Amino acid sequence: MRSLLRYIAVLSLFAGAFVFYTGCANPSAPTGGPQDTLPPRILAMMPDNYTIGFKGGRITITFDEYVQLKDVQKEVIISPPLERRPMMSVKGRSVIIDFREDIELDSATTYKIDFGKAIVDNNEGNVLYGFSYVFSTGNEIDSLAMSGQVVDAFRGDSIFNATLLFFDGKADSMSYDSTLFVGKPLSTARTDSMGVFLATNLKPMDYRIYAIVDENGNGRYEPGTDRVAFLDSVYNPALMPPFKVWWNKRRMRIEAQPQVTMRAFDEIAVRRQSLTKITRTDKCALSLEFSSRNPRSVRMVMEGVDSSAFIFRRSRYGDTVDVWIDTLATGALPDTLKGFVEFMTVDSLGRDSLGARNFRLSPLREPRKDPRKDEKPVNPFKVDVKASSPLNPFTSIDFLFKVPLRDVVPDSIKLSGEVKEEHREGPRGDRRLERNEGPKEAVFEPAPFTFERDSLNILLWRLKSRWRPDCRYRLEILPDAFVDIYGHANDTLKADFSIMNPDDYTSFILTIEADSSKSYIVQLADLKGDTKYSKVITGAGELLFDYVEPGADYRIRIIEDTNGNGVWDGGDLVGRVFPERIAFFSDDSGQSVITTKAKWNIVLTLDMNHIFDGAQTAVTNSITAPGEAVAGEKTLPVSDDEEEGL
């Protein structure tokens, strides 16, 4: 392992050496010739890199040309972190690091100053990548290394610039105020654009390892804002198997083979909570914004308003709660709304406690009307009807209302479907069409339907029917079919739409091989990771994704639904509960992207045990079009990265 550290040290200076062998950049302004594309080259360091017995004072790093320091606070990472950072400045061709007398360095400790992309040349801005200055306050340099990769727990994407924190495994606590919140890491690292980290200068000891995605850049983990990842146990780099490290010439950086994978997630079970903002969004509506997600036990008390008149809406993972006041139930409201909001939070010891915040909200200003204009009255009732044409026969027509409904009159909703010519009745029951009659006018007949409110969103209602493929429908909603809690009602709504023809779309036919006791969520996701189609299955069976949009790229995402609730659940840092496992299907060649085409059937057999054991391949796969069979084999492009490694 010591030879590995020496090898990494050589790689960290590889860029500078490369400049030396190919010709150094001229620090004076050239009169002509090619543009300088080479990074600054290190000529000298005082004291030398990897110095032992460091007592503080000044470090000087001299280059072959004038340089600048950029984004020091963001790019330069000192490991282990210091309460007071040293002063960093540039003088001519040198970077100077001053350790003031008030900076306390731990005894017998190896420190690393990782400059990231902070050092650039003065003229062209060429970056010196991968340079770190290492010193020890003791008699030796910690020489162990460890690698890993940080990925998004749901999307599977690699995470760039995640911060790795290595804590003493013996000091870690299981309480909410654990080491991650109050402890001092012994070492840090960060991930590259592939989500891979290489942590060096580690000790032969047990580490508890965390990764945070510091969204606001404040250098600490904030539940509800940052993503977090952790490993299932302590890890000692001295006891881990060897791994490959190399210098990537094209990307000009050190790269490593990951030893572990960490899955970062938004912590849903956030216990610290505060109400940050109360806004009056309408005459009879408010918005409550919380500091983190999943607010608990929200209750409102308002002067002159009965508590039964409040209608709350919260999203499962949202940090905002919308509140409406049913004026038909409570009567007229005072101009100024006064009261308080109660909610559940935790105290400094991690115990549940009740929080509260008072509010006083003034009336909203009415928009000014121009007396010179004869403005027609506008119906305040608002609804957004979401339906595509043609409509997928397995979907619904969604109605998203601005205000919760009080009444729905089903008899005022009229749905009719076109009667095909072959199903029309002729005279005396004769189904045959008369010759030379010319084109027939479309005939519609009433179609059965249901109109129900969504179980999670009180503003969302869905109209469903047994839609007939490749058929036309008419929808008419008469006035006053919908009445909201303010007493406002709809005007007439009309729409003509058609249903998809199955021949114009792709079908996925998935045979699932799995243990009878295990549940899975199988999804078709686009290349951004957004879910387009989703189904749940327990045990072995067959899943059909019909009417899939052709001409698009999809990946098959499989979620191991361990609690059987039909949705993906994130992790719990405090309880050390990992997010539910996710895998992406790939074929025998390693290809995971499937491009759809009209009239194609994509037939796959997925062995869940193999997929979640790491062999993410299908047992069989085929793509068939009418009259032909097409092999579904593809190959991933080979990387053109140049490597020099062990």
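Keep in mind that this is a model prediction, so the values were computed, not measured.
- Surrounding CD of Glu83 are at most 12 heavy atoms belonging to other residues, nucleotides or ligands under 6.0 Å away.
- Note that CG of Asp214 and NZ of Lys74 are 11.0 Å apart. Values are rounded to the nearest 0.5 Å.
- Using modelled atom types, no side-chain atom of Glu542 and backbone atom of Ile509 make a donor-acceptor pair closer than 3.5 Å.
- Inter-residue side-chain proximity for Phe394 and Leu544 is flagged as unmet; no heavy-atom pair is nearer than 4.5 Å.
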(request) Go through the steps for Tyr235 and Asp232 under the test side-chain hydrogen bond (donor to acceptor under 3.5 Å, both in side chains), then give the verdict. (result) CA-CA 9 Å; Tyr235 282 78; Asp232 57 348; 3.2 Å; yes

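- Annotation for Met194: atom CE does not count as buried by contact number, only 12 or fewer foreign heavy atoms lying within 6.0 Å.
- Between Phe545 and Phe508, the ring-plane angle classifies as perpendicular under the 30° and 60° cut-offs.
- Residues Phe612 and Arg581 approach most closely at O-NH1, 3.2 Å, considering heavy atoms.
- Between the side chains of Thr276 and Ser291, no donor-acceptor pair is found at a separation under 3.5 Å.
- Of all heavy-atom pairs between Phe197 and Arg190, the closest is CB-O, 3.6 Å.
- When each of Ser187, Ser143, Ser136, Pro80 is checked for a side chain to side chain contact (heavy atoms under 4.5 Å, CB included) with Thr110, only Ser136 meets the rule.
- In this structure, Ser297 and Arg314 approach most closely via the heavy-atom pair N-NH1, 4.4 Å.
- No donor-acceptor distance shorter than 3.5 angstrom exists from the side chain of Glu215 to the backbone of Arg227, with no hydrogens or angles considered.
- Between Asp168 and Tyr207 the shortest side-chain heavy-atom distance does not fall below 4.5 Å.
- At least one donor-acceptor pair closer than 3.5 Å links the side chain of Arg155 to the backbone N or O of Lys528.
- Within a 6.0 Å sphere centred on NZ of Lys184, other residues, nucleotides and ligands contribute more than 12 heavy atoms.
- Using a 4.5 Å heavy-atom cutoff, the side chains of Leu604 and Ile594 are in contact.
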(message) Set out, in order, the CA-CA distance, both residues' side-chain angles and the distance that settles ring pair (Phe, Tyr, Trp, His ring centres under 6.0 Å) for Tyr111 and Tyr133, then state yes or no.
(response) CA-CA 8 Å; Tyr111 286 87; Tyr133 183 89; over 10 Å; no

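- In this structure, Phe290 and Val298 have side chains that are in contact, with non-hydrogen atoms separated by less than 4.5 Å.
- In terms of modelled atom types and a separation under 3.5 Å, the side chain of Asp157 and the main chain of Asp152 share no donor-acceptor contact.
- The ring-ring contact (aromatic ring centres under 6.0 Å, His included) check on Phe154 picks up Trp568, with sequence neighbours excluded.
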(message) Determine whether Glu580 and Asp561 satisfy the following criterion, side chain to side chain contact (heavy atoms under 4.5 Å, CB included), listing intermediate values before the conclusion.
(response) CA-CA 7 Å; Glu580 290 180 328; Asp561 189 15; 3.5 Å; yes

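- Judged by distance alone, the side chain of Thr595 and the main-chain N or O of Asp553 form no donor-acceptor pair under 3.5 Å.
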(request) For the pair Leu198 and Thr200, evaluate side chain to side chain contact (heavy atoms under 4.5 Å, CB included) and give the outcome as yes or no after the intermediate values. (result) CA-CA 6 Å; Leu198 176 61; Thr200 58; 4.0 Å; yes

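- Within the 3.5 Å criterion, the main-chain N or O of Lys518 finds no donor-acceptor partner in the side chain of Asp515.
- For the pair Lys170 and Asp206, the salt-bridge criterion is not met [side-chain N within less than 4.0 Å of a carboxylate O].
- Looking at Ser592, its side chain never comes within 3.5 Å of a backbone N or O of Arg555 through a donor-acceptor pair.
- Nearest heavy-atom pair across Phe243 and Ser147 is CD1-OG, 3.4 Å.
- Summarising the geometry, atom CG belonging to Asp71 is positioned 8.5 Å from atom NZ belonging to Lys117; distances are rounded to the nearest 0.5 Å.
- Here the straight-line distance linking atom CG of Asp142 with atom NZ of Lys112 works out to 11.5 Å at 0.5 Å rounding.
- Judged by distance alone, the side chain of Asn126 and the main-chain N or O of Asp121 form no donor-acceptor pair under 3.5 Å.
- The side-chain heavy atoms of Ser193 and Phe160, taken from C-beta on, include a pair separated by under 4.5 Å.
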(request) Start with the C-alpha gap between Asp454 and Asp398, add the side-chain angles, then the distance that decides, and say whether side chain to side chain contact (heavy atoms under 4.5 Å, CB included) holds. (result) CA-CA 10 Å; Asp454 183 76; Asp398 293 348; over 6 Å; no

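- More than 12 heavy atoms of other residues, nucleotides or ligands lie within 6.0 Å of NZ in Lys535, so this atom counts as buried by the packing criterion.
- Note that CZ of Phe167 is 11.5 Å distant from CZ of Arg208, once rounded to the nearest 0.5 Å.
- Thr605 and Asp607 share no donor-acceptor pair across their side chains, judged by distance under 3.5 Å alone.
- With Thr506 contributing its side chain and Pro550 its backbone, the two residues share no donor-acceptor pair below 3.5 Å.
- Across all their heavy atoms, Trp246 and Gln257 have their closest contact at CZ3-N, 3.7 Å.
- Side-chain contact between Phe585 and Ile558: present, with at least one pair of heavy atoms (C-beta onward) separated by less than 4.5 Å.
- With a 4.5 Å cut-off on side-chain heavy atoms, Val127 and Pro39 do not count as touching.
- When atom types are taken as modelled, the side chain of Asp226 and the backbone of Glu222 share a donor-acceptor pair closer than 3.5 angstrom.
- Shortest non-hydrogen contact noted between Phe166 and Ala199 is CZ-CB, 3.5 Å.
- For the atom pair Met146 CE and Asn236 CG, the distance stands at 9.5 Å (nearest 0.5 Å).
- Under the 4.5 Å side-chain criterion, counting only non-hydrogen atoms from C-beta, Thr511 is not in contact with Val603.
- For the atom pair OG of Ser79 and CG of Leu202, the computed distance is 8.0 Å after rounding to the nearest 0.5 Å.
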(message) With side chain to side chain contact (heavy atoms under 4.5 Å, CB included) as the criterion, how do Leu275 and Phe343 come out once you've worked through the C-alpha distance, each side chain's angles and the decisive distance to 0.1 Å?
(response) CA-CA 8 Å; Leu275 178 56; Phe343 53 93; 3.6 Å; yes

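- For the residue pair Thr538 and Ser519, a side-chain donor N or O sits within less than 3.5 Å of a side-chain acceptor on the partner.
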